[in-house]
Protein chains: 2
Amino acid sequence: MLMSHYIDIMKKAGVKFTRPRKLVLDALQAAKQPLSIKEIHKRVRNKADLASVYRTVNLFQDLGIVREVQFGEGYQRYELIGEGQHHHYVLCIECGKLEDIDICLLDRVEKMTNFKILSHSMEFQGLCHSCAG
Amino acid sequence: MLMSHYIDIMKKAGVKFTRPRKLVLDALQAAKQPLSIKEIHKRVRNKADLASVYRTVNLFQDLGIVREVQFGEGYQRYELIGEGQHHHYVLCIECGKLEDIDICLLDRVEKMTNFKILSHSMEFQGLCHSCAG
DNA sequence: TTCTAATTGCAAATGGTTTGCATTGCTTGT
DNA sequence: ACAAGCAATGCAAACCATTTGCAATTAGAA
């Protein structure tokens, strides 16, 4: 996704495109993996305050730029939302390997439950082929 | 699930079946819904300390009596594991209604990824039919 | 019943996240 | 280019969920 796309979203929302916000975007774009706040902050260290990283990520969530990924690690992870679609993951708790799963149940669940689904999480944890021995 | 079943698990694991542990089991059994620690503690108030609730729930997780449910609310919820199978949920963020979804992807994901899946979370948040208007 | 290790309660510590506030810095109008 | 006004930042303190240390209590085996 081009930076201009995100600048656009912020402009439309009437918020400023500031240095910390650019830094967080850069970090997430470079990572290509869901990052924790700590990890984002590390990648941005000395250029943006931890509190600003939190504020920025929360803003990005509201703007639909970023989504939360839950691994039950005691904190959240965040990833950029690409062109509409999103990912789900399997995490190897041994070596930390993260793999995509190409499944999404949104439509099916909306039909089954008659809910308007606004967000969902679906992540798996286990042992990858090599770590399972 | 009968109480004796849980007593058995604890006996086999070599841990004691204490009053706080019984209270937490009772609370979870009565609720029939994933409860937060706070909710468990409220249902047990004056009979077990908050720290003991935490310790008990963690123990139950290790023993496979309880599993975590993630709604990204900033804290965890816990539910008893029934006879082997487990549930997934849709939460209405407006009125708090919680509905079961009868889908589980464990097998499919294990095959797709070649991981040995040890745990997973899959929960949906949105608006139920009446709240969506 | 007695004894001992496991468990509890309480209070203090921890760690992730949020907030208050003074300062900084865009941005728009002049 | 300049000033005014408002948004956003940095820093420190506050907050809230969860964990931990330790002395007192208790389950349950002998």
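Throughout, protein chains are lettered first and strands after them, A, B, ... in sequence-line order, and every chain is numbered starting at 1. Scope of the values below: all heavy atoms of this structure, side chains included, with no hydrogens, waters or symmetry mates.
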To the nearest Å, give me how far apart [atom1] ([X]) and [atom2] ([N]) are.
X	N	atom1	atom2	result
Glu73(B)	dT18(D)	CD	P	11 Å
Lys11(B)	dG28(D)	NZ	P	8 Å
Asn58(A)	dG16(C)	CG	C1'	12 Å
Glu39(A)	dG15(C)	CD	C1'	16 Å
Gln61(A)	dT17(C)	CD	C1'	13 Å
Tyr75(B)	dT18(C)	OH	P	14 Å
Asp49(A)	dG20(C)	CG	C1'	14 Å
Lys38(A)	dT14(C)	NZ	P	14 Å

Do [X] and [Y] meet the criterion of a side-chain donor-acceptor pair at a distance under 3.5 Å?
X	Y	value
His88(B)	His120(B)	yes
Glu123(B)	Gln70(B)	no
Tyr89(A)	Glu79(A)	yes

[X], nearest nucleotide to its side chain (from [options]):
X	options	answer
Ala51(A)	dG16(C), dA12(D), dT20(D)	dA12(D)
Leu50(A)	dC11(D), dT9(D), dT17(C)	dT17(C)
Thr18(B)	dA8(D), dA17(D), dA27(D)	dA27(D)
Lys16(B)	dG16(C), dA6(C), dT18(D)	dA6(C)
Arg19(B)	dG9(C), dT17(C), dT7(C)	dG9(C)

Q.
On DNA chain C, does the nearest nucleotide to Arg55(B) precede the nearest nucleotide to Arg55(A) from the 5' side, or the other way round? Give the residue.
A.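 The answer here is Arg55(B).
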Q | Shortest non-hydrogen contact between Met122(B) and Ile103(B), atoms and distance | A |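 Residues Met122(B) and Ile103(B), closest heavy atoms: CE-O, 3.6 Å.
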Q: Hey, which sits more toward the 5' end of DNA chain D by its nearest nucleotide, Gly74(B) or Val15(B)?
A: Gly74(B)
Q: With heavy atoms under 4.0 Å as the rule, sort Arg21(A) into base, sugar-phosphate or nothing.
A: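 Sugar-phosphate, backbone atoms only, no base.
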(Q) Students often get this wrong, so: under 4.0 angstrom with heavy atoms, is Lys22(B) touching a base, only sugar-phosphate, or nothing? (A) nothing
Q) Do the non-hydrogen side-chain atoms of Leu63(A) and Tyr6(A) ever get within less than 4.5 Å of each other? A)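 Side chain of Leu63(A) against side chain of Tyr6(A), heavy atoms only: no contact under 4.5 Å found.
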Q. Does a side-chain N or O from Tyr54(B) land closer than 4.0 Å to OP1 or OP2 of dT19(D), or not?
A.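 Result: no.
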